[in-house]
Structures are given as structure tokens and as C-alpha cells.
Q: 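Starting off with a structure, shown below.
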Amino acid sequence: MQQAALYSTQPKAQTPDRLDAGLRVAARLKGVVKGAIHTDPLMTYAWSGDASSYRLIPAVVVFVNSEDDVRAVFQAARAEGLPVTFRAAGTSLSGQAVTDGVLAVLGDGWRKLDIHPGAEKITLGPAIIVAEANKALKPYDKKIGPDPASQATCKIGGVVNNNSSGMCCGVAQNTYHTMARLRIVLTDGTMLDSGDAASRDAFRVSHAGMLRALRDLHHEIMADNELVALIRHKYQIKNTVGYSLNALVDYHDPLDILIHLMVGSEGTLGFVAEVTYNTVPEHPFKATGLVPFPDPQSAGRAIIEMANGGVQVTTGVTAAEYIERRALTTVEHLPPMQPLLPWLKSDSPAVLIDVTAPDAATLAIEVAKTQELLARHGATHIDLSTDEHRSHALWDIRKGFFTSAGAARPKGSIMLTEDVAAPIERLAEFVVDLRTMLDDHGYTDAVIFGHALAGNLHFQMGDDFSKPGAAEKFDLFNQALSTLVSGRYGGSLKAEHGTGRAIAPFVEAEWGPKAYAIMHRIKALFDPERLLNPGVLLNDDPKIHVKNLKLMPLADEVVDLCIECGFCEPACPSHHMTLTPRQRIAVTRERARLRASGEDPARLQKLDADFQYAGMDTCAACNLCSLRCPVGIETGTMILGERARRRSATAHSVARFAADHRGSVERFMRGGVAIADAARTIIPAPAIEAVTETARRATNKRVPRVSRALHHGPGAPKPTETRQNPKKTGFPVPITQTGRPSVVYFPACPSRMFGAPKTEHGLLDTPAAMVALLERAGFDVIVPEHLTGQCCGQPFQSKGFPEQAAEVGKALKSELSSLSDAGRLKIVTDASTCAKHLREFPGDAAVSDSPQFLLAEILPHLTITQKLDSVAVHHNCSAQRLAEQPATEALARACANEIAVLSSINCCGYAGDKGLFLPELNAHATRRVHNDIPANCSLGISTVSTCASGLTEHAGVPFVSLASLLEWASRP
């Protein structure tokens with residue numbers, strides 16, 4: 001019994017009292033906050049995990065979008081006795097973003113991004129993703145200082161609250177040192193803007209007692225030379241253990257102390273509403289290389305010299321990532337690694353190095369100096385290259401280690417990670433000691449890598465906490481780690497991931513009782529009620545680091561390797577609407593666990609039922625999540641599999657009928673849209689929409705909506721008759737030659753069934769435009785006969801009918817292969833979804849999508865006669881998975897003076913016919929698209945007609961096909 005209490009690996013179930021308190025908080029907030037509020041078992045479990053190894057099920061989840069929302073949450077939670085935890089991206093690795101109380105999730109209201117004149121400063125809301133900020137600053141050769149490996153996902157709120165750093169950030173460029181201003185809300189509802197004189201003056205009056213206490217604490221510390229020396233020593237290397245005590249030494253004004261204590265406080269002292277950073281240079285000239293060494297010691301000695309005594313530089317070696325041999329093994333199958341394999345022996349680490357400079361001449365000098373240094377320390381292969389593509393490929397490998405190394409663990413186990421730091425001058429011996437300690441404690445599968453210029457090493461390993469003894473083993477390891485890092489090396493148990501629940505029991509051991517007592521006084525001064533994130537950063541439970549640990553039961557082989565890092569989430573169209581890929585996987589695992597254990601059948605039944613809409617219906621199955629996942633996990637494929645398993649015999653019969661009568665189905669759908677088009681000429685569109693919405697409510701959304709942006713299509717095109725087509729002549733080969741090459745063109749069914757909106761430019765529909773372009777470029781066009789009903793099968797696949805999808809797709813591919821004369825002629829189609837799906841079937845000829853074919857085969861033969869001022873460009877999900885973005889953008893640039901790529905959208909959420917049956921998904925996915933459309937832009941392009949329809953409805957400008965625009969631009 002005592003053992004069970006010490007090591008509790010099951011997520012703590014909500015007590016009836018806490019569940020009731022959650023319901024009361026929700027009732028208090030209803031109508032007060034505009035964001036969603038969840039108390040049901042599905043959504044609360046979906047939000048129960050972050051990227052750490054911990055899981056806590058919140059009593060209530062509420063989306064906050066303003067400072068008033070934050071105040072309301074404080075009041076409601078205080079009234080019901082529940083703690084509050086704020087969550088940004090949920091990429092926290094130490095359990096900072098989970099709670100069994102009120103989880104307040106940052107909504108769209110916190111997406112402020114304002115670049116100051118000269119880009120010397122940038123003001124950001126806490127919901128801005130780090131990569132978004134850096135993308136906005138790139139034209140100015142600037143960036144923000146913090147550069148965590150998760151920067152494509154993590155948000156500014158988490159970066160400030162964890163004082164996150166990263167690969168090039170070092171100690172000098174973290175939030176604490178590069179922050180110019182902070183706007184916060186304290187638990188009493190007071191807002192303080194450190195950059196506003198009036199706000200500062202008002203706070204000095206309203207919170208004089210708090211500021212007096214901070215001033216007294218500052219003087220107390222400054223009078224203790226031993227404590228001052230300890231604090232200064234601890235922050236010479238990366239350190240996020242405990243509160244930022246350096247604020248009490250570095251600053252004298254209690255207001256400045258207060259603001260800097262907020263940095264790295266992990267949401268335990270107040271809410272960060274806005275931050276202004278002093279930007280740092282991002283030199284445009286860079287050389288990158290992954291440099292192998294014969295052994296860890298020689299690599300460590302080289303890094304010690306490159307570290308420049310721990311002084312951060314912006315010219316020269318700005319990054320040096322140590323990667324041990326076992327870590328390299330997990331990625332050595334990737335193409336960028338192949339040239340290095342001959343140089344990697346059994347114990348060979350490698351160091352990923354960036355050398356940067358403001359100009360080419362300086363870069364050459366710095367590269368030469370670095371090459372000499374590396375050779376002197378025994379590097380076995382030195383190749384520093386300015387190839388930007390290669391640099392990105394190598395850094396993508398490094399940034400993905402968290403997930404790729406995690407995916408190497410045994411299925412069913414959880415990925416465990418820590419990040420530690422030691423004084424840079426002891427790095428060589430620290431690397432060896434850390435490896436030995438991991439092996440001695442049974443973590444021989446662990447891998448080590450990290451930001452070595454700052455003495456910062458990460459390590460990852462896996463374990464299955466459902467097995468007896470696993471938690472005890474992990475506990476003993478953590479105690480030994482504390483002794484090694486804090487004791488022997490005087491280092492940091494948490495260099496950049498924040499203390500969280502993982503290291504809270506070891507804060508006192510690292511800092512000593514005197515400094516630890518000061519941290520408790522800081523918490524009491526800011527949050528005397530312990531309202532904010534209690535148990536995070538400071539915790540009296542010596543075993544909290546081995547409680548509420550995640551279990552990873554096997555649920556679906558497609559996703560069993562997922563470590564729930566959340567890197568996938570920004571790509572998902574249903575993110576913040578229903579579930580994300582990470583949440584779909586987590587809930588699927590919990591349902592699998594409940595089925596296997598037999599416990600709580602009522603809860604399982606509820607989860608299964610509610611998963612239908614949130615998990616399955618609103619999943620676009622676009623699999624863009626796989627592009628964000630370093631190991632390519634396709635959550636959409638898992639959902640397609642479950643859709644197939646849930647289909648009834650009746651549904652299969654309907655699918656069978658539809659597959660056998662595809663021509664009739666197509667004619668019916670085109671006819672229905674045509675009737676709606678005609679009706680709008682007589683009856684106002686709002687009236688038609690009101691009628692159909694009534695029908696949709698009466699049939700539980702089984703009737704499709706009538707969208708004013710969706711128009712009936714042109715059907716099959718009628719190409720110019722030629723004697724090149726053996727299907728027409730009856731001869732196996734042409735009996736006459738026109739001297740023109742032939743091409744097989746397949747107009748996809750969306751292009752045939754759905755037309756484009758009318759524009760001032762008099763554009764042709766997609767099939768007619770494609771035929772015109774092909775003929776204009778000198779091709780004879782071959783179109784399949786009996787085109788109506790011809791389908792690649794993707795609609796059946798997305799609905800959960802893989803057998804019908806395979807049948808109709810193979811039939812089409814067979815016909816196209818025959819028309820191509822066994823691959824002699826090229827095949828092109830006009831919808832990215834169709835092109836991608838057809839490539840999955842066997843056949844003699846590959847199918848080209850329109851962007852690739854138009855760029856390579858058509859544009860060189862055209863004369864551009866007119867251009868738009870600006871065109872918006874949407875890369876739909878299939879186009880992204882086919883890596884067509886460069887081709888699409890090149891064609892768009894040929895047709896317009898400038899292009900505006902939609903940055904707020906990944907998948908538009910139309911997803912075949914979901915825009916007709918679940919329009920809320922399309923509306924949610926495109927909710928910020930207006931921000932991407934320049935004032936001088938009157939037209940947008942997409943390579944799928946249904947996506948174009950959804951974008952037309954929400955973007956404020958009509959979207960048409962790429963072919964239609966190119967035909968207009970090249971008209972004689």
C-alpha cells in the first residue's frame with residue numbers, strides 16, 4: 001500500500017467534488033468568456049497531457065482570449081477552490097502545462113505581432129509561434145533570441161514562462177536578457193505594463209507593499225556575499241531550475257525585479273499577456289557541417305575551445321550541437337547522413353556546427369579558423385558548406401531528435417527526457433560521466449545530444465511504467481542524476497526545459513536551503529492562495545516526479561510510436577476546434593486501455609460515442625500532421641482505418657452501389673449544384689441557405705449545405721479532334737503524324753463537377769483552361785472516353801471504404817496507362833488530391849499534377865501577355881505532400897507581380913465534401929485567412945476546386961485554378 005502511494009503511475013481520476021467544482025467554474029464562465037468551455041470526459045482527457053511524461057485530467061478546460069477572460073478565470077477558480085494552469089502550445093517537457101484543476105488554453109486573441117521601426121524590437125502575444133515571429137523578422141536579417149528546437153510549434157507564452165533557449169541562444173540571448181518589456185496580469189486582476197510609464201506609476205501606488213517586500217528581499221540577498229556568489233555562478237551556464245533569482249541580483253528597482261522574476265516562473269506567479277523583445281542579428285551568410293570525431297573526449301575539447309569561454313557571439317561559431325554515436329544511429333538512414341557513414345566508428349560522436357557572418361569575406365575567414373580548430377582536435381571529416389538546402393536538412397535532423405529518438409523506443413513505452421548543463425570547461429568529462437550513469441542505471445537505450453556551446457546536454461530514453469519496478473528505477477536514476485549534476489559538477493538539472501514536476505523535488509538539493517526558502521517567499525508574495533500551477537517548480541512531495549506518469553498502451557500500429565510531442569498540431573485544421581492529431585492518439589490510447597482493463601465501461605462508452613464527431617468526423621484526414629512529425633506518423637490514416645471499421649453493412653452496400661454507378665452519382669451531384677445555381681438567380685442566396693440549414697438540422701446534417709461559393713462544373717472537356725488517338729482510330733499506332741507530341745489529360749471529378757466563381761477577368765473553367773494551355777504549348781490532347789464517373793477512388797478512401805477506393809482507382813489507372821501507350825505518353829491531371837491518389841496504384845505511367853507539368857512542359861512554350869498586381873496562393877494538403885509548393889509559386893509569379901502565400905492555413909478543412917456537410921471545419925480552418933490577403937489582391941489560386949470554393953467563401957476574394965489563371969495570363 002505504501003509502495004503504491006510512493007509510485008503512482010496512473011493518472012489521478014477526478015473526484016466527484018472536483019468534477020462538481022469544474023462544472024461550477026464552467027457555469028460561472030458561461031456567457032462571460034467567448035471561448036469554448038469543456039467539462040466532458042472526452043475533451044478533458046484530450047487536454048490531459050503535454051509533451052512531458054505526465055498526465056493530469058483537468059476538471060474544466062476554458063479558452064481565454066483577453067485579459068478580462070483571464071480575470072474571470074481567476075475569480076471563478078478562486079470561488080470554487082480550483083487551481084489554474086495556463087497552456088500555450090503544450091510542448092512543455094517537464095509537466096508544466098497539465099493540471100487537475102482549471103486549464104486555461106490560449107485562443108486566437110493573443111496573436112499580436114508588431115515589428116517596431118527598423119526591426120530592432122518586436123512585440124508578440126503569447127499565442128504566436130516562435131517560427132512565425134522569426135519568419136516576419138527574416139526580411140530584416142533579425143530574429144528573436146530564444147530558438148528552441150520546437151520553434152515551429154512552441155508559442156511565445158511558453159518561451160517566456162520557461163525562459164526557453166535553444167541551439168544558438170546560449171545564455172545571453174534568452175528571454176531574460178533580450179526582453180525589453182512585459183505585460184502581465186497578477187492573480188488579483190491587476191495589469192502591469194512595464195513599458196508604459198502610467199502603468200508603472202499606478203502599480204507603484206496600488207502594490208507598494210509588494211514592491212517594498214521585493215526591495216527588502218533584494219537588500220537581504222545583496223548583503224549575503226555567499227548567496228550572491230552562488231546566484232552569479234548558477235547563471236553563468238544555462239539554468240531554469242527554480243525561480244530566476246538572478247533578478248534579485250541584477251536589478252535594484254523592485255519593478256524590474258518583479259518583471260524579471262516572471263520570466264521562467266512557469267505560470268506560477270501571474271499571466272504573461274504580451275512581450276517585447278530586443279531582436280538579435282540573423283546574419284545571412286552561414287556555413288554548416290556535421291563533423292565527426294573519433295571519441296567523445298576529443299569532441300568535447302573542440303567544443304570547449306569553440307565556446308569562447310562561454311561568451312555568446314553572433315559572428316563565428318554560433319552553434320555546436322554534440323550528438324553521440326547512439327543518437328546518430330537513430331537517424332543514419334536519412335539521406336543527409338549517408339556521406340558521413342564511412343567516418344562514423346563505434347564510438348564516434350559528431351558535432352553539428354554553424355559558422356555565421358555578416359558578409360562572404362568574413363565568413364571565409366571564420367570558416368578557415370574553425371576548420372583549423374577542428375583539425376587540431378582530431379575531427380575526422382570536415383565539410384563546412386554554404387549550401388542552404390543541406391543546412392536545413394541537417395538542422396531538421398537535429399530539431400527532430402526529440403521525436404525521432406523517442407520513436408526508437410519500444411512500442412508501449414514512454415519517452416523520458418531531461419536536459420542538464422555543466423560548466424563548459426568540464427564538458428569533455430561530463431559527457432563521459434553522463435553516459436556511464438545512464439548505462440549503470442539500465443538506460444542503455446538512452447541517447448545524448450545537446451547545445452554543447454552552453455554546456456547543455458539532452459538525453460532521452462524509454463520506459464514502460466505499467467511494468468513493476470519501472471517507476472522505482474526512474475526514481476533512483478533521478479536521485480543519482482541530481483548528485484552527479486548538482487553535486488559533482490555544480491551544474492543545472494534543468495538547463496532550458498523548466499523545472500516543472502520533473503525536477504521540483506530536487507530544487508532544494510541544487511540551490512541549498514537558503515535560496516530555496518527565498519523561492520517559497522517569492523511564491524507567497526505573488527500568489528499567497530497558491531492559485532497558479534501549484535506543485536510546479538516548488539513541491540513538497542519528494543516523489544512527485546514519479547507520480548501521474550503517462551501510460552502508452554498499444555492502440556493502433558499506425559500511431560503506436562507517437563510520443564505526444566505536439567509538433568503536429570499547428571498543421572491540423574481542427575486544432576482548437578475539436579481534437580488535434582496528438583489528442584486523437586491520446587484518446588484512442590485511453591479507449592484501448594479501458595477496453596483491455598474492463599474498468600469504467602460507462603466512461604468508455606461515452607468516449608467512443610463522443611469521438612465520432614470530435615475525433616473522426618472533423619478529422620480532414622489530410623495527413624499534413626505527418627509532414628510536421630519527424631517520424632512521419634499519419635494520424636489521418638489511423639482515422640481512415642477506424643472509419644472503415646465503423647461502417648455498417650448498409651453503408652458498405654451504399655458504397656458498393658455508388659462505385660458501380662459513378663456516372664449517375666456525378667450527374668446527380670452536378671445537377672444538384674446546377675439547380676442551386678439557377679435558384680440563386682431567382683431566390684436570394686440567404687433564403688436558399690436558410691431552407692437548406694433547416695433541412696440539415698432536421699436530418700442531423702445528412703443533407704449538404706448550399707454554398708454560394710460552389711458552382712456547377714463544366715463536365716468533360718471536348719478537345720480538338722486529332723488522328724493521334726489510337727482509341728479513336730482503332731489502330732494501335734497513329735496512321736498519320738501531326739508532328740506534335742501527345743499528352744493524356746485526365747480532368748479530375750471535382751474539376752468536372754464544380755465550377756469556379758465568376759471574375760472580372762473572364763477566366764475559363766479548369767478543364768477548358770488545361771486543354772487550351774496544352775494545345776497552346778504544342779500538344780495534342782488525349783482525354784479518356786466516357787469520362788463521367790471516372791474517379792481516382794480518393795472520395796471512397798476518405799469515407800472509409802478502402803475496397804471501393806482500390807477498385808475504382810485501379811480501373812482508372814489501368815485506362816490511363818493504356819491511353820499513355822504503356823507509359824510512352826505523359827499523363828497529367830488537374831487536382832493535387834487526384835494526382836497523389838493515382839500514384840498509389842500500379843501502372844505503366846506516372847501521373848503528373850498540373851503545377852509540375854505546367855511549369856516543366858507548358859510555361860517554357862508560352863508568352864505571358866498580362867499579369868495581375870497580386871495573387872494569393874493556397875498550397876492544399878495534397879500539394880504539400882507532393883512537395884509542389886515551389887512549382888505552384890513559380891507559376892503564380894509568372895502570372896502576377898507579387899504573390900501572397902496563405903500562411904495562416906495549412907489544410908483549409910474543406911476535405912472533399914466536408915465543406916458541404918461540416919462547414920464549421922472549413923470556417924474554423926480559414927478563420928484568419930483575411931490577414932493573408934493584401935489590399936491589392938483580387939484573386940487567389942488553388943489546385944483543387946473544392947478547396948478553392950471554401951477559400952472563396954471565407955477569404956473575401958475569388959479563388960480559381962492555377963490553370964485558369966495561367967491561361968488568362970498567356971492569352972495571345
Side-chain angles (χ1 to χ4, degrees), residues 54 83 94-96 161-163 176 210 213-251 254 257-258 260-270 418-423 475 478-547:
Y54 300 96
S94 302
Q96 304 97 309
N161 276 286
N162 294 317
N163 198 22
Y176 180 92
M210 182 182 190
L214 285 174
R215 184 178 63 243
D216 292 345
L217 192 55
H218 162 70
H219 288 305
E220 178 183 330
I221 290 174
M222 295 304 293
D224 189 330
N225 292 333
E226 182 181 353
L227 186 53
V228 170
L230 172 66
I231 292 171
R232 293 198 187 283
H233 167 75
K234 293 293 291 180
Y235 290 102
Q236 287 176 354
I237 60 174
K238 284 188 178 183
N239 175 26
T240 59
V241 177
Y243 289 116
S244 299
L245 294 185
N246 46 340
L248 290 155
V249 173
D250 295 341
Y251 296 95
I257 293 172
L258 184 155
H260 285 83
L261 280 172
M262 289 291 298
V263 177
S265 63
E266 302 177 32
T268 65
L269 302 182
E418 290 297 347
D419 75 303
V420 294
D475 182 21
N478 275 276
Q479 294 178 41
L481 183 68
S482 174
T483 300
L484 175 73
V485 176
S486 302
R488 188 184 309 175
Y489 280 93
S492 307
L493 269 174
K494 279 291 187 181
E496 59 180 9
H497 291 169
T499 308
R501 303 171 190 280
I503 298 300
F506 304 100
V507 175
E508 184 173 11
E510 175 154 324
W511 275 98
K514 190 184 298 183
Y516 188 63
I518 289 172
M519 292 182 189
H520 276 283
R521 289 165 62 184
I522 291 169
K523 172 67 172 175
L525 187 60
F526 280 78
D527 182 21
E529 303 163 286
R530 298 183 69 83
L531 182 70
L532 297 180
N533 231 2
V536 168
L537 199 144
L538 302 177
N539 200 308
D540 296 330
D541 185 346
K543 301 298 180 184
I544 193 63
H545 60 297
V546 286
K547 293 182 178 178

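Quick note: numbers below take in every heavy atom, side chains included, and nothing from hydrogens, waters or symmetry partners.
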Q: Is it the case that the side chain of Tyr243 and the backbone of Leu537 share a donor-acceptor pair, with hydrogens and angles ignored and the cut-off at 3.5 Å?
A: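 A pair under 3.5 Å: no.
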Q: Could you give me the CA-CA distance, side-chain angles and deciding distance for Leu217 and Ile522, then say whether side-chain contact (heavy atoms from CB on, under 4.5 Å) is met?
A: CA-CA 9 Å; Leu217 192 55; Ile522 291 169; 4.0 Å; yes
Q: Starting at OG of Ser265, measure out to CE of Met519 and round the result to the nearest 0.5 Å.
A: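 Answer rounded to 0.5 Å: 12.5 Å.
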Q: In Å, rounded to the nearest 0.5 Å, how long is the span from NE2 of His497 to CG of Asp419?
A: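 Rounded to the nearest 0.5 Å, the NE2-CG separation comes to 4.0 Å.
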Q: Do Asp527 and Asn533 have side chains that approach each other closer than 4.5 Å (heavy atoms only, starting at C-beta)?
A: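 No. Closest side-chain heavy atoms not under 4.5 Å.
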Q: Do the side chains of Leu261 and Phe526 get nearer than 4.5 Å, heavy atoms only?
A: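 A side-chain contact under 4.5 Å exists here.
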Q: Once you round to the nearest 0.5 Å, how far does CD1 of Ile257 lie from CG of Leu214?
A: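 The distance works out to 6.0 Å.
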Q: I need the minimum non-hydrogen distance between Val228 and Ile221, along with the two atoms involved.
A: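 Closest approach of Val228 to Ile221: CG2-O, 3.2 Å.
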Q: Tell me the closest heavy-atom pair linking Ala515 and Leu245, and the distance in Å.
A: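 Reported closest heavy-atom pair: CB-CD1, 3.9 Å.
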Q: How are the rings of His260 and Tyr176 set to each other: parallel, tilted or perpendicular (split at 30° and 60°)?
A: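 Answer is perpendicular, since the angle exceeds 60°.
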Q: Closest heavy-atom contact between Gly535 and Ala504?
A: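 Taking every non-hydrogen atom into account, O-CB, 4.2 Å.
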Q: Hey, mind stepping through Tyr54 and Lys547 against side-chain contact (heavy atoms from CB on, under 4.5 Å) and telling me if it holds?
A: CA-CA 8 Å; Tyr54 300 96; Lys547 293 182 178 178; over 6 Å; no
Q: For Asp224, what residues pass the salt bridge (Lys or Arg N to Asp or Glu O under 4.0 Å) criterion, not counting sequence neighbours?
A: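 Asp224 satisfies salt bridge (Lys or Arg N to Asp or Glu O under 4.0 Å) with Lys514 only.
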Q: For the pair Leu269 and Leu532, evaluate side-chain contact (heavy atoms from CB on, under 4.5 Å) and give the outcome as yes or no after the intermediate values.
A: CA-CA 7 Å; Leu269 302 182; Leu532 297 180; 5.6 Å; no
Q: Between the side chains of Glu510 and Lys494, is the shortest nitrogen-to-carboxylate-oxygen separation below 4.0 Å, so that they form an ion pair?
A: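 Glu510 and Lys494: not salt-bridged.
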Q: In Å, rounded to the nearest 0.5 Å, how long is the span from CD of Glu508 to CG of Asn539?
A: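 That separation rounds to 12.5 Å.
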Q: Would you check if His520 and Lys523 make a side-chain contact, meaning some heavy-atom pair closer than 4.5 Å?
A: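 No, their side chains stay 4.5 Å or more apart.
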Q: Which heavy atom of Gly267 sits nearest to which heavy atom of Asn161, and what is that distance?
A: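 Smallest heavy-atom distance, with atoms named: N-OD1, 3.1 Å.
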Q: Not counting sequence neighbours, which residues clear salt bridge (Lys or Arg N to Asp or Glu O under 4.0 Å) with Arg521? List them please.
A: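 Counting only residues at least two positions away or on another chain, Arg521 forms a salt bridge (Lys or Arg N to Asp or Glu O under 4.0 Å) with Glu220.
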Q: Could you grab the distance from atom CE of Met222 to atom CD1 of Ile231, nearest 0.5 Å is fine?
A: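 The CD1 atom of Ile231 is 9.0 Å from CE of Met222, to the nearest 0.5 Å.
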Q: At their closest point, which heavy atom of His545 faces which heavy atom of Pro505, and how far apart are they?
A: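 Heavy atoms only, the tightest pair is ND1-CG, 3.5 Å.
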Q: Taking all atoms of both residues into account, what is the closest heavy-atom pair of Thr240 and Asn163, and its distance?
A: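 Minimum heavy-atom contact is CG2-O, 3.9 Å.
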Q: State whether the side chain of Asn239 and the backbone N or O of Ser492 hold a donor-acceptor pair below 3.5 Å, judged by distance alone.
A: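 No.
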Q: Go through the steps to decide whether Leu227 and Ile518 satisfy the test side-chain contact (heavy atoms from CB on, under 4.5 Å), and finish with yes or no.
A: CA-CA 11 Å; Leu227 186 53; Ile518 289 172; 3.5 Å; yes
Q: Is the side chain of His218 donor-acceptor paired with the backbone N or O of Leu248 at a distance under 3.5 Å, no angle test?
A: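 Checked: pair present.
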Q: Strictly distance-based, threshold 3.5 Å: is any side-chain N or O of Lys234 a donor or acceptor partner for the main-chain N or O of Trp511?
A: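 No, the answer is negative, given that no donor and acceptor are paired below the 3.5 Å cut-off.
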Q: Could you state the interatomic distance from CD (Glu418) to OG (Ser94), rounded to the nearest 0.5 Å?
A: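 These two atoms lie 6.0 Å from each other.
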Q: Between the side chains of Asn162 and Gln96, does any donor sit under 3.5 Å from an acceptor?
A: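 A pair is found: one side chain offers a donor N or O, the other an acceptor, under 3.5 Å apart.
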Q: Is there a donor-acceptor pair closer than 3.5 Å between any side-chain N or O of Glu266 and the backbone N or O of Thr499?
A: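 Yes; judged by distance alone, with no hydrogens or angles, the pair exists.
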